Every structure is written in C-alpha cells, then in structure tokens.
Amino acid sequence: MGMTDLALAPAILPLVGAALALAGKTARPASARTLERLGAFVGLALPWLPLVLLAPSILQGGAVEGFVGGWAPSVGVAFRFDGMAWLVNLLGFAVAGPAWVHARGSGPRGSAFTALYLVQASALAATSMAADLFNLFVCLEVLGMASYVLVTESGKPGAYLASFSYLMVSAAAMVFFLLGVYGLYRLTGALEYGAVARGLSALPDSGGHAALASVAAIAAAIALRTAVMPLYGWLPEAHALAPHAVSAVLSGVLIKTPLFALTRILVLLPGGGETGAILGAAGAIAAPIGVVIALSQTDAKRLLAYHSISQIGYVVAAWGAGVALIAADPDGAGASAGAVLVAAAYLHALAHALFKGLLFLSVGTVTDVAAERDVYRLRGAGRALRRAGERLPVTTLAFAVGALSIMAIPPFNGYASKAALSAALKGRWQYWTLLAASVGTVASFIKLSLVFRRPKPAASTETFSEEAPPAVADTATEAPESGAEKVPISAKLATATLAAACLAGGLAAPRLYRVVATALGAAPGATDAWSAALYAPAELLKTAGLAAGGLALFALARTAPGKALASAIRNRPRGFHGLFLALCLGMAALTAWLIR
Amino acid sequence: MIELLLAAILVLAVYAMLTRDLLHGTIALSALSLLSALAFAVLKAPDVAITEAAVGAGVSTVVFVWAIRATERMEKQ
Amino acid sequence: MIARILVGLLLLTGLATLVARRNLVKKVFGLAILNSAAVFLFVMEGAHSGQGAPIVDGSALQIVDPLPQALMLTAIVIGVCVTALALAIAARLHRATGSLDIDVIKERLGNGHD
Amino acid sequence: MPTRLAALASVLAAAFALWPLFALDVAWPGTVRDYLEAKGTVESGAMNLVSAIYLGYRAYDTLGETVVLLVAVTGAIGMMAAGSALAPREAGGAPVEPARSPRREARSRQRTELIAALSGKLGAVILIFGLYVMLYGHVSPGGGFQGGVVVASGIVFLALGSHGAAPSPLVGARNLARIESAGFAILLVAACLGVASGKGFLAPPLPGGDPVSFIIVLNAVIGIKVGAGIGLLCVAMLTEEAA
C-alpha cells in the first residue's frame, strides 16, 4: 500500500462501510444491526488511521499527488491530498462520528440511513482532495444526492419541500458548473487544475472572456453550495427540518467543504483572486445580516440554521481575502499572508463545525424531550431534561459550552477562532462587520439560552400543559417508542465528546493555529504574535464589550418595536423562484465584474 | 442536419414547457431524448447516443409516468 | 454558430420552465431539459475535433475527442438520478398536501412552520 | 406575476453570464485525442476509446456515478416506502386515492394479461441482449451502464410477465436489492484489488496481464449493479402503482 492509496483511503473506507451497511438491508434484523455498526466503524473510525499516518508529512506542507489508478496525466483523474485536504478531513470526521452516534439515540436509524450517511462522508473526503474539474463535479453531485435524501429522513413534510428546493437549485447550479468545465476544457484540453492553468497562460489573452465566465460559473455553483449570502435561501429550511444529526453535519461540514475545495481552483486560474475577493466581501456582509435574521427567529433549530449563514460569512470573509492575496502573489510574501488568512478561516470553520454540531445535537435533544421548538414557549428545559432521567446535566452543560463558544467567550474555541479572524482582518472594513455580527451572536444566544430559564410560576401551568399537543408533524416521527423521552446515552456521549473538543480547541488554539498555518503554507512563526496577544487585557476587554453590547441588543429586541421588526423579518416573503433569481443574478454579476 | 434536429428538439422543449397535460409533456421529453440520441449518433458519439436513448427515453420516461400516475396528470392553473 | 445558439435557447427554455412553472413535475421537466442542453453542447462541439467515432478499427479517419463523450455518459446518468429523486420527493409532497403547485404546497405546509 | 418576472430576469442573467461560453469558437484542443489515438488502446486494451476512459482512465468518476445511482435508488425507494407507511397518519389535506371503477378494473386486468403473456417471453430475450451490450462494450459502442439499463428493462418485462402468475424470484424486490448491494460490494472489491497487488486503487490489478480483462470485469459488475438498481426502482414503481 503506497502513499497514494493511503491518501485515497478516507474517501474509500466510508464507501466500503456503506457497502457493508447496505448488505444489511436485506439481511435478518440482528445481523443487519451488526453490519450497520461494522460499516459505521469502517467508514467513520478507520479513516482516522490514514489521517494520523499521513499527518507528519502533510502538516509540514507536504502533499500526496497523483492520478487515481496510475493512469496517464492528460486523461487520468488527478487528486491532491495536501494540508487543506487533511484539515478538511479532520473537520469532517470530527463531526460525522459523534453525530452518527447521536443518531443512534435520536434517530434516524437503519441500514439505508447509515449507508447514505457514509456515502456523504466519503464524498466529503473525496471533494476535499479533488484536483480535477470533472471529478469535483462528480464529488459534489454525490455529496448533494446524499444530503437531499438525508434531509428528508426526518419524515416531516416541510423537510421534503426543503429538500426539493435544495435539490432543484443545486442541480441547476451544477449544470452551470458543467458549462464552466466545458469552457475550460474547450480552451485548454485539460481538466486537471494545474494543466488548465498552464493551458490558459499559454493562450494569447489567457482565455479571455470565456475563461472568466467559466470561472464565474464554477464559483457561483460552489458559492451556492456554501450558502454565501445572496445564495443562501435553500439552507435554513433544509438545516432546520433535517434530523438533528444530519443538521449537525450539514451545517458543520457540508457547506464548508466545497468552499475549501474551490481554493485550489481560484489560486490558479485567471480571475480567481478577484472572485475570492468578491465572495469574501459577500461573506463579510452576510455575517451581520444572517445574525439579524437569526435573532428574529422563534424556532430553535431555524435560529441555529440562520446562524450558520452568519458564521459561514465569517469563514468566507477571511478565506476570500486570503485567496485574493495568494492569487495575486503566489510565490511571495502575499502567499504567506494569504495563507494566514485562510488558516484563520479554517480555524473558525473547524470551531464552528464543532460548536454548531454540538448546538444542533444538544438543542435537538432538548426540543425532543420537551416536544416544543418555539424559543418563546419553551421554558424550564433543564427540568424537562431531569424529568427525562438526566441526573448529570450533560446536555445542559453541552449546550452551555456550545453557546459560550459561539458567543466567543474564553477559553472556548470560538473565542480563539474569532480572535484569529480579527487579527488577520485587522485594518480591513470586514473587521467591523464581523465585530457587529459578534454583538448579534451574543444577543441571539442569550435568547436561545432562555429555554433553560425556570418557568414563571404563573405561566408554568400554561407552558407545561401545552407541551404535548403542539406540532403534530414533529411528534409523529420523533417519539416512536416509549423510551424515547429518556435522553439516550448515545446522545450524551456525542454531545460530551463535542463539548470536550470545543474546550480542547480553545485551550490548544495557539498550537493548532500554528499547525494549520504551516500546513496551508504560511511562513514559520506567522502566528506567534497572535498567540502572545490571545489573552491580552485589550482582547478580554473587547470580549466583555461585545457581551455587554449583545445584552443591550437583546434587551432592545425585546421591546415592542424590536418585536415588530423581528416579526417583519421573520415573515418576509421568500419564494422558490428567488433561489434561482439569486443564483443567476449572482453569476451574472460575478461574470460582469470579472470581464469589465 | 444538426440544426434541423436541434430546432425540432427546441420545439419539443417549448411544448413540454407550455402543455398543461403532464403526460403529453413526458412524451415530448421522451421524443426529445430520442432526437438527441439520433443527433449524437450523427455527431460521431454512438456511446452517448445509446445511453441517451436508454436513459433519457427509457428510464426517465418510466419515472415520469410513475410520478404522474402517483400524483395528478393535469397541471392546475 | 446557429447550432450553438439553438443549444443556448434550449438551455434557457429549461431554465425558464424550472423557474416560471409552479408545478413540481414541470420544474423537473425544466431540469431535464437544462441538463440535456449541457450534454448537447459538449458532444456537439467535441464532434468538430475529428471525422470518425472514437473506436479504433483501423480506418484512416481522424477520431473525435472521446473525453467529452465519456464525461457526458456520467453527466446523463447523474441527470436521470437527480430527476428520479426529485420526482420521488414531488410525489411525497403531493401525498402530504394534495397538490403539485409549489405555492399551494407552501401554503398548506404553513409558512415558516412544519 | 412575480414568478414570471423572476423567471425572465433569471433567464436574461443566465444568458448574459453564459454567453461567452456559447460564443467560444477556438479550435478544439487535440491533446487528449492525440494521446488516446496513439496509446489509448495499448494502455487500456479497449478499442472503444470512450469505454477506455469510462472504465479505465476515469473509472474513479464512474465509481462516483454508480454511487449517485445507488443513492438515488435507495432514496427514492425509501421515500416511497415511507410515504405508504406514513400516509394514514398524515395530518390534514391528505388526498384519498381515487377508487377505480369496476369496469376500468376489468379492462386493465385484461390488458395486463395480454402484456404479461408478451412480456414474459420478451424479457428473457432482452436480458440476453443486455448481457451482450454489457460484455462487448470494449470493442463496440455500449458497455456496462448501457447494458445494465437494457437488463433493467428486461427485468421490468419479466416483472410485468409475472403479474398474476407466481412472481419470478429473479425480479422480486428483495433479490434485486441483494444483487444491487452485492454488485456494489464486488465493484469496490475489484477497485481495491489494485491496492492489494501494489498497483494502486482502481488500477488493473494483474501485473503483466491484459488490461482489457479488467475493463470487461468492471463492465460486467457495473452492468449487473446498474441493472439490478434501475430494475429495482422500476419494479418498485410498478408494484406501488398496482397496490
């Protein structure tokens, strides 16, 4: 087994696991369960082995490159397992494993679910290492297909509608992607990123408008999958109505993987740097807008879903600025500075994957035991959990860790990653929009935390007696057996693992940031100054200021005008056609900007 | 030759877009696939032609007909 | 050139069907048309690269580039898979709401609530 | 009306953005063609160069494609099953299946018997033709996928033929599902053989052997998997309709 096979293993092992799980579909129930567990072990635990084995060389800035099957370069499928691929795999498997464990208790279960879940994990790994335009297309299609089905696994009619919208707009975007592949192949006769870039630079006008339009089409398709601001419309419903474990993976991992896979294309091709800059600007604007919409939501999971749009804005803002720097100066100081920005983006992506996964899982547990998803009506969540047999308040603590992380309170990982973003973006306008978004984040999580507040004596009878009947569609699928109101041990295990990871990520942040920056190609020591200033009084003061601002904003949102505004935002018209309009206009605007 | 086939394909596509009867639309799409397959054969792509005929005119028609019979045939205005 | 414009119009027809028609099955029609336009573009333009089908049988004709054809095999199959899944979801939505009209479905499912 | 307006704007925007791609009029780059014309048949063993790419050079993409098909079949069938199980519990607005009139029932039974008599015979012939398309894909147009689709239509015919009479075990949904998942597992094993022999994932595993044998094996496995998968989907759709 060579290095090539070792690098491909994270993509292949989950497929093997999926085959095992599928074999159980037609087997007897007992052996089906065994096969399902075996498949999940092969697909979600074993991939750590190649990742660990590859870590020493990859994290020094090395890469495993090659063509699958050892075929000739001009025709074969290229892949590149570099620092970024390793990091994205880390992010993916760190969330996918615990989320699957959570699903054992909270559902869905079954051979078909596990097989699809593993296919999704495989596609995530394959996407992260794609270095061939058409292979990226195939990987994104596999990823998409698995997620369309997984969203509907919750069985709610709304989830079917969300999945349909997601499928339609994303399939249309993939046709645009395919046309972009056509343009680049037509110009250069190559599909491998490097060969395409070489082919374009050999052309008299480096491909002219056609090359730029191709890049724009590809970038627009991936921006849609990433849910960058104008193209986000499909996300909230899909993430809010999917099963909790699927929501965790969708929000935590699925939207970021295509973004990081796009990096390799943009740093090589003409117009890539500018595309990165535009997407980054869109992300920086998305961060505060997303958080305002999130603050206006009443449904707990929908609030979390809108937060993903805001948080992906943070990631894209720094990522885009970094890509622009790298593309402008691929071999000089710009590349190192850009790599630090991308490293900060990745650090936040990782932190977000962990704490958002944690939040989706713990909030999911809470809403399940209380049978209520409305933030305003749900009170006394801690008591509901206790009644469900939770002696040690694992879920409550896990939620607290997740909320403190996303609010950027030290020493959790969100504090470190947001500090990394602020340091990397200092002096740019994006710094200020992200700061504004942080205030809103604090406010909306204060709001979400209120579900743990003790029920008011007067209102307690009202809220508790109303617990059972509301939301017929919810309870129909989520309480299938009598033991379901107990918090399952697997759910506790999953949330505890992720909570520990959030804390560890915060405590080890300086070291982690250094490793990430080195793996992405930054100059050695580029993050040292940041590490020294991480807990400086000025930084802590800023955090306190943000928290105070968040509290003030929350109070403001509770006033009558604030409530009216929230309701107006919540009930703003959202049409199916708006998704396509945003996609087409976004793509056209990007093309126009690039060819101007 | 290709232009003629394409013009016919375009007409079928527009018909599929406009007709209120989903079954007629499915038949138009099926014919569209067959014409595409013919065009692919002319365009020196026999493999694509076979696939398009088998998949576009075969499988996808079966799936559309199933969907229409499982739901409703006429598009309501 | 005329052929390419026709393919472009086919693509736009598909897109228009996808966006403008409210019926879910019609939307899937649009998606199928959109996909076949992209396939058509690849194959048609690739055909300009030679005179013979890409099968080596000793004839003197220069073959066309086989790569776009191989890619389009994959694209066609993925397209029909997406179609099948979309229709299965549409049938499920019809079962839940009794309608195929996207606006009616939205209304019956309740705006913002599930 | 806003829908129409949005559609118009979308179409115009897409036309603007994609126009440069359709206006592109440079000579088709011949690198891949020249390479394959010179070496394709030697390296892969297939005279049909599309098959050489599909199952040799870019078999990795084909693997992804079979996974997409697998997901689509699993997902669609899962949804159909979930639909029928959940239907009675649906809150509000659940449509009642229109009852068929007895006359229509009788007519359709008559028709079904006619179809059954014809299609039972036809199914076997189509299956054999499908196997031919599957196994000769390396020399002539066709291959595993196309053959698989033909096999699937053969299965559908057999299923139609077995209406009324005892259903043929081959076309039972459970067996088709078994064959599909077994096909997928064998495909992965075939892909991983190269890892064991040190030639790499998805490489022809036998050292010094004729690479074409690997393409024939892949064609057969993919054909069986695709045939079972699509057949399963179609049979499930047909039986659901009858129910």
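Reminder, nothing fancy here: chain letters follow the sequence lines and each chain counts from 1. The structure presented is a predicted model; accordingly, all values stated were derived computationally and were not measured.
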Can you tell which part of [X] gets under 4.5 Å to a heavy atom of chain C, answering side chain, backbone, both or neither?
{"X": "Leu12(D)", "value": "neither"}
{"X": "Thr41(D)", "value": "side chain"}
{"X": "Leu21(D)", "value": "neither"}
{"X": "Phe145(D)", "value": "side chain"}
{"X": "Leu69(D)", "value": "both"}

**Asked** Contact part of Ile89(C) toward chain D, heavy-atom cut-off under 4.5 Å: side chain, backbone, both or neither?
**Response** both

**Asked** With a 4.5 angstrom heavy-atom cut-off, which part of Ala91(C) approaches chain D: side chain, backbone, both or neither?
**Response**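 No part of Ala91(C) comes within 4.5 Å of chain D.
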
**Request:** Answer whether the closest heavy-atom distance between the side chains of Asn175(D) and Arg178(D) falls below 4.5 Å.
**Result:**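 Sidechains of Arg178(D) and Asn175(D): in contact.
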
**Prompt:** Is Asn23(C) close to Phe29(C) at the side-chain level, that is, under 4.5 Å between some pair of heavy atoms?
**Reply:**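 They are not in side-chain contact.
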
**Asked** Are the side chain of Ser99(C) and the backbone N or O of Ile105(C) linked by a donor-acceptor pair below 3.5 Å?
**Response**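 Answer holds: no.
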
**Request:** Please assess Tyr60(D) against Glu65(D) for the test side chain to side chain donor-acceptor pair (under 3.5 Å), listing each intermediate value before the final yes or no.
**Result:** CA-CA 9 Å; Tyr60(D) 187 47; Glu65(D) 175 195 320; over 6 Å; no

Quick one: of [options], who has the most non-hydrogen atom pairs under 4.5 Å with chain D?
{"options": "Leu12(C), Val77(C), Leu15(C)", "answer": "Val77(C)"}
{"options": "Val80(C), Leu67(C), Leu87(C)", "answer": "Leu67(C)"}
{"options": "Gly50(C), Pro54(C), Ala88(C)", "answer": "Pro54(C)"}
{"options": "Asp65(C), Leu71(C), Val19(C)", "answer": "Asp65(C)"}
{"options": "Ile5(C), Val64(C), Ile55(C), Ile78(C)", "answer": "Ile55(C)"}

**Request:** State plainly whether the residues Arg58(D) and Asp61(D) are in salt-bridge range, i.e. N to O under 4.0 Å.
**Result:**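 A salt bridge is present here (some side-chain N lies under 4.0 Å from a carboxylate O).
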
**Item:** Salt-bridge criterion met for Arg4(C) and Asp25(D) (N-O under 4.0 Å)
**Value:** yes

**Message:** Using the rule given for side-chain contact (heavy atoms from CB on, under 4.5 Å), can you reason through Thr66(D) versus Lys225(D), listing the C-alpha separation, both sets of side-chain angles and the distance that settles it, and then say yes or no?
**Reply:** CA-CA 8 Å; Thr66(D) 55; Lys225(D) 188 208 157 284; 4.2 Å; yes

**Item:** No-hydrogen, no-angle side-chain donor-acceptor test under 3.5 Å, Tyr35(D) and Glu43(D)
**Value:** yes

